[in-house]
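Notes for the one structure printed next.
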Amino acid sequence: MFRRVLIANRGEIAQRIIRACRELGIETVAVYSEADADALYLRQADETICIGGAASADSYLNIPAIIAAAEIADVEAIHPGYGFLAENAHFAEVCRSCKIEFIGPDADTIAAVGNKARAREIAMGAKVPVVPGSDGAVHDESSAAKIAQEIGYPIMIKASSGGGGRGMRVASNEPSLLTGMRAAQAEAKAAFGDDAVYFEKFVERGRHIEVQILGDRSGNIIHLGERDCSVQRRHQKLIEEAPSPSLTPRLRDKIGGAAVRMAKASNYHNAGTVEFLLDTEGNFYFIEVNARIQVEHSVTELVTGVDLIQEQFRIAAGEDLRFRQKDIQVRGHAIECRINAEDPARNFQPSPGMINAFVPPGGPGVRVDSHCYSGYRIPPNYDSMIGKLMVHRNTRDEAIRTLLRALDEFVIEGPKTTVPLQRDILEHSDFRTGDHDTGFVERYFGSHPPAVTSREVG
Amino acid sequence: MFRRVLIANRGEIAQRIIRACRELGIETVAVYSEADADALYLRQADETICIGGAASADSYLNIPAIIAAAEIADVEAIHPGYGFLAENAHFAEVCRSCKIEFIGPDADTIAAVGNKARAREIAMGAKVPVVPGSDGAVHDESSAAKIAQEIGYPIMIKASSGGGGRGMRVASNEPSLLTGMRAAQAEAKAAFGDDAVYFEKFVERGRHIEVQILGDRSGNIIHLGERDCSVQRRHQKLIEEAPSPSLTPRLRDKIGGAAVRMAKASNYHNAGTVEFLLDTEGNFYFIEVNARIQVEHSVTELVTGVDLIQEQFRIAAGEDLRFRQKDIQVRGHAIECRINAEDPARNFQPSPGMINAFVPPGGPGVRVDSHCYSGYRIPPNYDSMIGKLMVHRNTRDEAIRTLLRALDEFVIEGPKTTVPLQRDILEHSDFRTGDHDTGFVERYFGSHPPAVTSREVG
Amino acid sequence: MSTESTPKEKEKATEGTETAPEGRTGAASPLHSADSPGSTNPQPAAMDLKLIRNLVRIMERGEVNELEIDDEKAGLRIHLKRGEGAQGSGGGPVVVMPGAQAPLPHAPIDIDSDADRESRGGGDVDGGLPDNVVEIHSPMVGTLYQASSPEAEPFVGVGSVLEEDTVICIIEAMKVMNEIKAECTGKIVEVLVENGEPVEYGQPLFLVAPR
Amino acid sequence: MSTESTPKEKEKATEGTETAPEGRTGAASPLHSADSPGSTNPQPAAMDLKLIRNLVRIMERGEVNELEIDDEKAGLRIHLKRGEGAQGSGGGPVVVMPGAQAPLPHAPIDIDSDADRESRGGGDVDGGLPDNVVEIHSPMVGTLYQASSPEAEPFVGVGSVLEEDTVICIIEAMKVMNEIKAECTGKIVEVLVENGEPVEYGQPLFLVAPR
């Protein structure tokens with residue numbers, strides 16, 4: 001096992017990694033920007049090094065500064081957390097060229113799964129279902145109808161050079177396909193100077209299901225069940241749970257197996273997530289691989305009893321997996337609320353600044369991962385998540401009840417937070433029955449219309 | 001289920017009960033003394049009623065005030081928590097005469113198990129082993145040796161009218177028996193005006209093992225495994241864990257069965273604890289029944305997944321147990337540290353007053369039950385426990401590691417606390433190996449000699 | 001459990017504290033009023049429900065029919081209306097509470113106890129006591145009666161002159177009727193409680209101008 | 001990572017900041033000094049270990065052999081002794097820390113970064129800057145060299161006169177040697193770092209009396 005590692009991140013996940021290291025007996029070197037100099041979690045590190053100014057580019061995204069810190073602190077490995085450099089293949093490469101272990105998959109794997117087209121190819125090669133679509137761009141209207149027929153309506157028309165929702169249309173039959181195609185082509189031409197469009201099946205009322213996987217360097221790969229992250233606003237997850245209320249045991253095995261095949265085909269090791277879109281008929285489609293630990297990893301920890309961050313270190317240190325697939329048992333139900341310093345009433349605008357009072361809930365079934373405390377000043381430079389409130393109970397209904405009382409207990413005085421919104425979501429009948437999809441939040445709680453697709457969900 | 005209940009307690013356990021009620025959908029009426037008017041947990045109650053001044057006798061022990069509050073608030077039941085009126089048979093009687101359900105066993109049961117001689121009789125009748133001893137007082141020296149021989153050395157000589165360690169001697173052979181008996185008789189005569197003494201087996205290096213039981217009104221009784229509370233200072237528990245590191249599965253079943261027999265023989269219903277002393281040869285002896293929920297109930301919650309406070313309400317409302325013995329599975333290992341506002345360096349003198357900063361630990365495996373927060377003033381009127389820090393991990397070793405890192409994270413600025421002592425205890429090799437007994441704390445950490453016996457452990 | 005007014009209350013009706021209207025006798029004890037009816041989405045948090053209950057109680061007691069609070073600091077707007085006509089306790093208040101926010105832990109937790117404490121301490125609070133007026137507090141929890149029997153006259157009322165041993169009310173606790181004495185001298189300027197009302201320890205019962 | 005002195009330091013040895021003694025070159029980087037050896041029971045908490053490490057580092061740098069701190073406010077007593085004779089880094093400090101206590105979350109967390117911040121802000125701190133003296137801070141993380149090669153003379157030393165573009169040191173980061181320029185004018189009054197020392201972003205390197 002490593003003697004000493006550097007944590008190239010901040011906030012909640014930096015604290016989470018320090019906790020894992022302390023329990024494993026690994027010394028920690030925490031790097032920080034000037035904006036985070038007061039953060040309480042830095043006290044738990046064995047060493048702290050200021051690496052730059054508040055702007056992420058000057059500090060947490062500053063590869064030379066982080067590597068220099070790793071070198072002068074003489075660490076054996078770097079944990080990138082999530083965000084920042086976590087899925088930066090170049091950074092992983094630099095680490096290894098400096099003989100510092102990068103806690104994550106190989107740079108090649110990161111690069112391969114980070115490329116959408118390449119990832120789709122790998123998935124198809126591994127017999128992992130992908131969203132059905134046209135084989136490249138569709139040019140003439142005569143073949144369009146035939147292709148659409150093969151894929152099956154409704155059809156999503158997308159600009160080949162597109163992004164941000166522009167050049168997108170949904171068509172539910174042939175007349176609207178042709179109209180939509182012309183409109184999309186015109187819009188794409190105007191926006192991107194390229195009128196090429198392609199077709200994809202539009203998954204209606206899709207659910208976001210992701211599978212946690214762990215793989216070692218010997219090629220053993222297991223999955224730790226799924227998480228349901230269908231409660232999203234603009235592709236930002238708000239609530240995550242495990243297990244998913246919409247999977248049968250058979251479907252669970254099937255989707256878990258697909259995730260393992262995808263990971264194997266990507267030569268994956270360490271912790272990762274394979275994301276799927278699940279339609280109302282129980283079909284699932286590969287979306288993407290997240291080649292890192294995720295914010296919501298903790299709900300999997302709660303239901304499986306596996307400490308994923310500790311396992312990341314064990315794997316990176318060359319140990320074989322300590323579990324086989326049959327050792328992984330999902331027990332009870334876990335739900336996580338992301339507590340963000342945002343004002344849901346004002347289009348979720350960030351609400352940084354001084355937290356005058358911060359009293360986290362406690363008691364049975366409650367886990368709080370947060371780097372905040374009374375008197376902490378949320379810097380305006382980074383993302384607005386100030387903590388994760390999680391519950392673990394025997395049943396989904398009990399978990400919801402515990403989560404509601406925990407949200408009611410949570411005192412956060414100063415910034416506006418997502419707590420009242422989370423409460424409303426948990427009390428919504430669609431959430432209660434588990435009958436919600438990725439459009440749920442925007443449908444009932446958003447001031448903005450639901451996004452046209454969930455393909456780009458991160 | 002009850003619609004509305006009153007909580008006749010304060011602090012951590014009042015908050016714990018409010019949490020259970022909120023999750024069950026029961027309305028809560030919290031009574032409070034003037035000293036607790038600012039307590040944050042009162043906000044979570046549906047109604048609060050001030051019942052008197054700071055002194056316990058004027059408020060939390062003031063039966064007329066509590067009953068009057070229950071009547072004007074029109075509650076259906078009263079939860080007494082632990083301490084205060086929890087094992088007061090008269091209070092239980094008054095509640096029932098006022099047609100208010102008392103959350104606990106019947107007054108008769110409370111009275112019976114609360115009487116040491118009566119409880120010992122019940123235990124013997126139920127074939128539950130008690131500490132071997134003389135059949136009443138031993139008067140002449142000639143029979144003394146014979147009786148001692150039957151019981152087996154070492155022998156504890158105790159004054160029949162004794163208490164507080166006076167008139168107590170330990171004898172390891174016949175000569176010291178006779179010397180000790182004379183000395184004890186003289187001491188007892190001087191102290192209590194009665195020179196009668198009796199013999200009891202002296203249990204060396206005994207461990208405090210207690211079994212959690214649950215019984216319904218239909219007579220179904222189960223146990224939820226044991227807790228090991230051998231880390232004590234002057235009969236005050238400091239650290240509790242489940243399961244005990246010193247029980248084999250066979251012994252666990254045996255001691256659990258004894259606890260269930262004891263509860264059945266006492267006509268017990270609701271939650272309770274049967275306490276035993278375990279010697280180094282695997283013999284266990286009944287000490288007493290605690291006819292209430294205990295501080296350390298939560299470690300059992302962690303390893304069994306059963307919410308004991310919620311079950312108390314279900315049982316009191318007349319529901320049958322939802323579990324059979326075979327449904328109770330102990331998973332992983334849980335340890336609790338009692339965080340007291342006391343100064344271990346100054347003979348554990350209470351350290352009340354303002355908490356300038358209170359940042360509880362969080363993260364995987366950690367549960368904190370505390371009513372405190374930054375800016376809370378600990379009133380000097382009540383006991384010094386300000387919270388319970390608990391961990392639940394797959395193994396005892398992992399639990400200790402998590403607990404150590406959680407203790408290191410815990411920021412409590414203002415009062416002195418037991419946190420540094422708990423840390424030292426957890427790092428002691430005897431605790432690490434599980435080779436500690438009830439004399440452990442005083443042997444290594446006490447400024448005072450270990451108590452002569454552990455019989456009165458509460 | 002207090003009559004202190006909350007910030008910026010605009011009481012649109014006249015006050016009347018003398019006797020309880022007949023129609024309200026059978027109503028549930030204010031101490032256990034049910035969840036605030038008619039609350040709109042987003043739901044106010046539990047602590048806000050408590051505030052609402054207390055406000056409704058103050059309105060009931062004062063026969064206030066409409067109340068608006070706009071507390072900018074707390075980000076809190078409340079608008080309550082009580083039933084038109086003669087239904088007594090039947091009217092449903094309307095609650096609008098956007099952006100409701102948890103109060104500071106250092107700040108008063110309980111609108112009741114806080115008001116009590118502040119007024120007891122003689123602090124210059126909003127709606128605080130006039131000079132030269134003292135409060136008589138309840139020495140116990142129980143149900144307060146203003147007269148020795150339903151038919152009898154109240155022991156005291158506004159204008160009554162008190163001696164130390166003047167009986168001012170009876171508080172019933174556990175079926176025992178406890179005569180409460182003034183323990184001060186002066187003249188009653190306001191009766192803060194109603195006949196049959198539950199009172200808690202330390203709750204102000206009467207305002208007295210000392211002699 | 002600072003040379004600011006901690007409260008009530010009694011430095012019983014003379015200072016010497018010019019060059020590192022030969023015997024210390026092979027020692028572990030101060031940034032990753034291992035757990036404080038010889039700590040007695042009760043064990044200081046982890047955050048105190050860090051304080052100790054930093055103190056030891058300050059002592060190492062200044063060749064201080066003994067240090068006592070008695071911070072009554074923090075309930076902290078520390079006594080450190082470094083190895084007698086010429087062993088360099090071999091001496092084990094003695095730590096006595098009864099009643100060690102967690103610092104306030106509002107209070108500075110990191111002895112290093114705090115000292116940096118305070119001195120950067122020009123605040124009047126304990127051991128703060130004399131009037132008319134400014135600090136030159138490190139613009140990056142890395143290893144500082146005072147000369148262009150092990151044989152060469154240091155770029156600058158006490159008394160050196162600086163122009164804006166005077167090279168004052170080299171900081172190596174990721175095998176790249178970065179020449180650091182003064183970016184101010186004046187005369188060096190103190191060198192705060194040693195040759196080969198790791199420095200963090202914002203760490204004070206030199207004290208300069210501006211022209």
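Predicted model, so just to flag it, every value in this text is computed and none were measured. Every chain is numbered from 1 and lettered A, B, ... according to where its sequence line falls, protein lines coming before strand lines.
- For a residue to count as touching a neighbouring chain, one of its non-hydrogen atoms must lie under 4.5 Å from one of that chain's; by this rule E12(A) does not touch chain B.
- Chosen from M390(B), H392(B), R401(B), the residue pairing most often with chain A at heavy-atom distances under 4.5 Å is R401(B).
- Under the 4.5 Å side-chain criterion, counting only non-hydrogen atoms from C-beta, R16(B) is in contact with P364(A).
- At a 4.5 Å heavy-atom cutoff, the contact between P360(A) and chain B is made by side-chain atoms alone.
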**Chi angles and distances behind the side chain to side chain contact (heavy atoms under 4.5 Å, CB included) call for Q44(B), R405(A)** = CA-CA 9 Å; Q44(B) 259 73 54; R405(A) 76 102 180 133; over 6 Å; no
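- Chain A forms more heavy-atom pairs under 4.5 Å with one residue of R393(B), Q15(B), E301(B) than with any other, namely R393(B).
- For the atom pair L403(B) CG and E23(A) CD, the distance stands at 10.0 Å (nearest 0.5 Å).
- With a threshold of 4.5 angstrom between heavy atoms, I18(B) does not approach chain A through any atom at all.
- Ranked by heavy-atom pairs under 4.5 Å with chain B, the list D369(A), V366(A), N394(A) is led by D369(A).
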**Request:** Decide yes or no on side chain to side chain contact (heavy atoms under 4.5 Å, CB included) for D307(A) and E398(B), but give the supporting numbers first.
**Result:** CA-CA 11 Å; D307(A) 188 311; E398(B) 286 170 4; over 6 Å; no
**Asked** Given R22(A) and E409(B), is the salt bridge (charged side-chain N to carboxylate O under 4.0 Å, His left out) satisfied, shown in steps?
**Response** CA-CA 11 Å; R22(A) 291 183 66 92; E409(B) 281 179 22; over 6 Å; no
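- In this structure, chain B has no heavy atom under 4.5 Å from any part of L404(A).
- Within a 6.0 Å radius of CZ in R377(A), no more than 12 heavy atoms belonging to other residues, nucleotides or ligands are found.
- Within the 4.5 angstrom heavy-atom criterion, atoms from both the backbone and the side chain of T402(A) approach chain B.
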